[in-house]
**Student:** 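What follows is a structure written as structure tokens; I'll ask about it next.
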Amino acid sequence: MSFQQIKQQGTHYWRVFIWMVTAYYKQEKSAFWIIQLLMGLAVILSLAWVLGLIAGLNYLSDPDYLSQYGVSFLNDFFKMPLPVWIVLLSLAGMAGAAISFLSFHVGVRSVIRFQLSLIKDIFATIQDENNHRWIQVVDDEPLANTNQIIKMSVQMTGLVARRLARMLIPLITFIISFVALLKLDAQLLSLMIPLAVFYIIGLYFINRHAARTQVILKGLSKKTQQSLSNLIKIVLNRQISHEDVVREKLPESEYEAFSDYRYKRRLAEIHVTWLNTFFLVLGSAVIILSVDFTDKSTFDWMHLIYFIVALRYAGSGLQQMASATVSFSRFLPEVELVYALLSGESNQFEKKQKKIKEEFSGCIFFLSTQFSECLIAEAILKNTYTDNTAIPLDDFSQYIELENYNQDIWVYSDKPTQFKQTVRKYSDHIHYVLIETNGHLKTFQNIQEFLEEFEPGNFQKHKNQSLVLDDDEM
């Protein structure tokens with residue numbers, strides 16, 4: 001891949017990212033800021049619990065230690081009976097956990113509303129008479145693919161939006177913790193730079209692997225489902241023994257590869273957790289080892305503990321941000337489907353340049369397996385084939401009875417028997433017959449030739465079976 005292609009792809013992904021974030025924020029602005037408030041309060045209470053315990057333990061060993069901070073509240077607080085301030089700190093920690101849970105609940109309700117809004121926008125796009133570009137995204141199997149986008153892609157877009165909406169507080173936490181680390185000991189922090197470089201490199205490969213896994217998984221999904229459906233039919237009809245099915249046919253279904261990639265997709269965020277754990281463990285080891293080169297008699301161990309606490313919060317914020325970016329990479333193909341359908345813009349779905357709009361004129365009869373729904377048929381015709389009027393087959397008999405009716409018209413259907421009967425009845429009015437089967441287009445200018453050659457039963461055998469593997473894994 002050339003640098004220019006990488007740049008174009010990056011620009012496109014950035015537009016997808018900005019679209020999703022902007023769409024969510026416009027729809028759920030109030031909920032977004034409530035989530036940030038709750039998350040911020042949860043972090044503050046959690047920090048109060050941790051630092052309170054450290055300060056309290058230090059106070060128990062040295063009552064004069066806290067005086068150096070010049071905060072009278074600290075001395076007054078820890079002068080209370082031990083059970084009292086322990087209970088208060090514990091309540092702060094538990095309150096932080098409860099508020100964090102509440103922020104998740106608010107986020108889930110917010111995302112469900114966002115998903116409903118996306119579905120509403122998709123329906124509006126499909127019914128827009130002046131916009132047919134959405135069919136480019138689903139034109140191989142329109143009904144099945146549109147259903148899959150609404151069922152799964154919208155849900156995954158909501159999942160990613162929820163993760164990204166929770167990035168602000170971790171980002172602020174990371175920045176504050178990083179500043180605290182600089183103030184506590186910039187020289188000690190500099191020892192972490194090599195580990196940070198490896199962390200960034202590792203995160204890049206995790207994101208890249210997550211995106212590729214999702215693309216491969218999506219490609220395997222249909223094939224695996226089709227193969228499993230065929231195997232079930234074979235077993236139900238007792239065509240061969242189940243032992244032979246398991247030994248010979250099941251490996252060909254690629255079920256094992258599909259399952260493997262499904263687990264790999266789930267492991268993406270676990271890899272982030274591992275990476276973050278390695279960073280914190282190795283970082284703590286480097287910090288502790290660095291103490292060996294200092295004068296231990298004058299070393300401030302509480303200073304080191306505060307440094308490790310700040311490092312822990314910086315690492316936690318970094319992990320949450322990394323998990324959000326991995327989530328975006330992991331479900332980017334699904335988010336892009338929603339973006340492409342609503343905007344008509346995508347790297348993956350370029351408009352087919354079929355030079356046939358100028359080739360056909362007059363009354364065109366078009367039979368296709370994809371024309372089961374009027375909006376799908378009209379969108380396909382308007383986007384790819386013609387700018388002329390398009391009507392369903394059932395309306396044609398009434399249409400030609402109109403005075404001065406337009407002879408430049410496309411008549412569509414997915415019912416082969418009725419289609420052939422209508423062609424025979426109105427053959428004098430028809431200029432061309434087009435038959436589309438599984439992406440292959442056949443043209444008949446000689447209507448009699450079509451009537452002699454076309455067999456409705458054979459057309460039915462080629463009808464697509466829209467089978468998409470249900471994937472509810474989040």
Side-chain angles (χ1 to χ4, degrees), residues 36 39-79 85-86 88-90 92-93 96-97 100 167-203 272-273 275-323:
Q36 308 316 310
M39 289 183 65
L41 188 57
V43 171
I44 291 172
L45 290 173
S46 170
L47 186 62
W49 172 68
V50 172
L51 294 181
L53 287 179
I54 294 173
L57 292 173
N58 191 68
Y59 177 82
L60 293 176
S61 63
D62 184 6
D64 296 328
Y65 183 84
L66 296 177
S67 301
Q68 62 179 310
Y69 297 109
V71 181
S72 59
F73 169 76
L74 291 176
N75 284 312
D76 295 338
F77 181 82
F78 290 109
K79 282 180 181 178
W85 60 259
I86 284 290
L88 291 176
L89 290 177
S90 299
S100 179
M167 272 186 64
L168 181 58
I169 296 302
L171 175 61
I172 295 173
T173 301
F174 173 77
I175 293 173
I176 293 175
S177 300
F178 185 77
V179 172
L181 289 169
L182 283 175
K183 288 187 173 294
L184 285 169
D185 198 327
Q187 184 177 359
L188 192 58
L189 182 61
S190 65
L191 299 176
M192 307 291 290
I193 292 177
L195 293 177
V197 172
F198 284 113
Y199 185 95
I200 294 172
I201 294 174
L203 186 61
V272 173
T273 303
L275 182 65
N276 199 69
T277 301
F278 288 149
F279 177 77
L280 290 177
V281 169
L282 294 177
S284 300
V286 169
I287 292 169
I288 298 299
L289 288 174
S290 67
V291 176
D292 195 45
F293 297 95
T294 62
D295 185 358
K296 298 180 182 60
S297 62
T298 59
F299 188 78
D300 189 345
W301 291 99
M302 287 304 301
H303 183 85
L304 179 62
I305 292 175
Y306 289 137
F307 188 92
I308 293 176
V309 170
L311 181 65
R312 183 265 176 195
Y313 274 88
S316 177
L318 194 60
Q319 178 182 340
Q320 292 180 63
M321 290 188 293
S323 295

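All values derive from a computational prediction rather than experimental measurement. We number each residue from 1, following the sequence as shown.
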**Student:** Are any non-hydrogen side-chain atoms of L189 and F178 less than 4.5 angstrom apart?
**Tutor:**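 Touching, per the 4.5 Å side-chain cut-off.
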
**Student:** Is there a side-chain contact between S177 and R312, using heavy atoms and a 4.5 Å cut-off?
**Tutor:**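 Of all side-chain heavy-atom pairs linking R312 with S177, none is under 4.5 Å.
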
**Student:** As a quick check of understanding, evaluate side-chain contact (heavy atoms from CB on, under 4.5 Å) for I86 and L53, giving each step before the final call.
**Tutor:** CA-CA 8 Å; I86 284 290; L53 287 179; 4.2 Å; yes

**Student:** OH of Y199 to CG of L318: how many Å apart, nearest 0.5 Å?
**Tutor:**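 The distance works out to 3.5 Å.
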
**Student:** Can F77 and L88 be said to form a side-chain contact (heavy atoms from CB on, under 4.5 Å), step by step?
**Tutor:** CA-CA 10 Å; F77 181 82; L88 291 176; 3.8 Å; yes

**Student:** Would you sort out whether L51 and Y306 count as a side-chain contact (heavy atoms from CB on, under 4.5 Å), showing the intermediate values?
**Tutor:** CA-CA 8 Å; L51 294 181; Y306 289 137; 4.0 Å; yes

**Student:** Give, for atom CG of L188 and atom CG of L182, the distance between the pair rounded to the nearest 0.5 Å.
**Tutor:**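 That separation rounds to 11.0 Å.
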
**Student:** Just by modelled atom types, is the A42 backbone N or O under 3.5 Å from a matching donor or acceptor in the S46 side chain?
**Tutor:**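 Pair absent, no side-chain N/O of S46 close to backbone of A42.
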
**Student:** Could you check Y59, W49, F78 and say which one makes a ring-ring contact (aromatic ring centres under 6.0 Å, His included) with W85?
**Tutor:**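 The passing option is F78.
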
**Student:** Kindly indicate whether the side chain of M192, heavy atoms from C-beta on, has any atom under 4.5 Å from the side chain of L311.
**Tutor:**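 Result yes, sub-4.5 Å side-chain heavy-atom pair found.
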
**Student:** How long is the gap from CD on Q319 to CG on L275, to the nearest 0.5 Å?
**Tutor:**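 If I round to the nearest 0.5 Å, the distance is 9.0 Å.
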
**Student:** May I ask you to decide if I169's main-chain N or O and T173's side chain share a donor-acceptor pair within less than 3.5 Å?
**Tutor:**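 Between the backbone of I169 and the side chain of T173 there is a qualifying donor-acceptor contact (under 3.5 Å).
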
**Student:** Would the distance check show the side chain of S100 and the main-chain N or O of G96 forming a donor-acceptor pair, the cut-off being under 3.5 Å?
**Tutor:**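 Answer holds: no.
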
**Student:** Return the minimal non-hydrogen interatomic distance between A310 and L181, and the atom names on each side.
**Tutor:**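 Scanning both residues completely, I find the closest heavy atoms to be CB-CD2, 3.6 Å.
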
